[in-house]
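Below is one structure, written out as structure tokens, with a few remarks after it.
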Amino acid sequence: MNLTLHDTMTGEKRPFVPRDPKRVTMYVCGPTVYNYSHIGNFRPVVAFDLLYRVLRHIYGPEAVIYAANITDVDDKINAKAAAEGVPISVITDRYLEAYHADSAALGALPPTFEPRATQTIDAIQAMIGRLVHNNAAYAAEGHVLFNIEAYAGYGELSGRTLDDMIAGARVEVAPYKRHPADFVLWKPSKPGEPEWPSPWGAGRPGWHIECSAMIEQTLGLPIDIHGGGIDLVFPHHENERAQGLCADHAESYSNYWLHNGFLTFGEEKMSKSLGNVVLAHDLVTKVPGEAVRWALLSGHYRQPLDWTGELLEQARKALDRLYGALRRAGGLPRSPRR
Ligand SMILES: [Zn+2]
């Protein structure tokens, strides 16, 4: 079976050729576990689960290694923990458990690896150390920043120039930055927030470095496929790529970049409609998870998908028809699995 994938980097469809068909690697950016996840956050979970299953079918289940991260330290998590007066692990364990349950309800296989940021601090610090050593990062006032001018290929993934990027991004101006687009690898924690000792002062990692360090630790560079939502192309994936390439002097970070489009909620106004149920956690109590999965897969993964009650109803009916046909063909379950 030949597989052709649309690659964001080249902007075209390319035949998929893994570096090693006995070890096919895929990484997808996962959730920040500070709340129940919006149904839109499950579009990549389901879309890349489908790709994972296709790859397992082609290359064999043992040959495909899939990693997806869990961001379990960040400002939103810290704020929620402070509001509830509990350690961040109480928040992250609660919402990670819900995320796992909801992913399972939507029929997504667990990834081979699911690294958590707080359990990857050593690898993150080792990578930051190599970036500093390679002059691709610098320490300033308790922060470590990626030196954007150290990498000439910055912007190649998103197709943006440095000027575009500064104009388009909400670049934080800070006196310790050499260039306005330099981004944080390590930063000091505020009083009461979790922190880890480091050669650059106690603090915690930035978000972008987490994925690069996890890819290196779980899969090794370069990987075959990197996936995520279209909103991650810039700056997150551009930054991930720059970090990975500069830390390891690698030639390639990911050989294929895949990005899914958003769910849209434009058309529907009726408050009783299922289309207004936006937390997957609530939705799977009202509609069989398999029907939600069908609805999420009903449009092309790169295109926007309008999320409505009608779409869910159609998905449920389509599944009912299939199960009806299967039942008539002989002895299958009476209703879709929840
Ligand atoms: Zn990521």
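When a ligand or atom number is given, it counts from 1 through the structure's own listing order.
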Hey, is the Zn ion (ligand 1) within less than 2.8 Å of some N/O/S atom on Cys29? yes
2.8 Å cut-off met by an N, O or S atom of Cys211 to the Zn ion (ligand 1): yes
Where do His208 and Phe183 land on the ring-ring contact (aromatic ring centres under 6.0 Å, His included) test, with the steps shown first? CA-CA 9 Å; His208 310 301; Phe183 58 88; 5.4 Å; yes
Please find the pair of heavy atoms, one from Pro111 and one from Ala68, that lie closest to each other, and give the distance. CG-CB, 3.9 Å
Pairwise side-chain contact, Asn41 with Pro31, heavy-atom cut-off 4.5 Å (strictly under): no
Please tell me whether His281 and Tyr95 form a close aromatic pair, meaning their ring centres lie under 6.0 Å apart. no
Output the atom name for the N/O/S atom of Glu240 with the smallest distance to the Zn ion (ligand 1). OE2
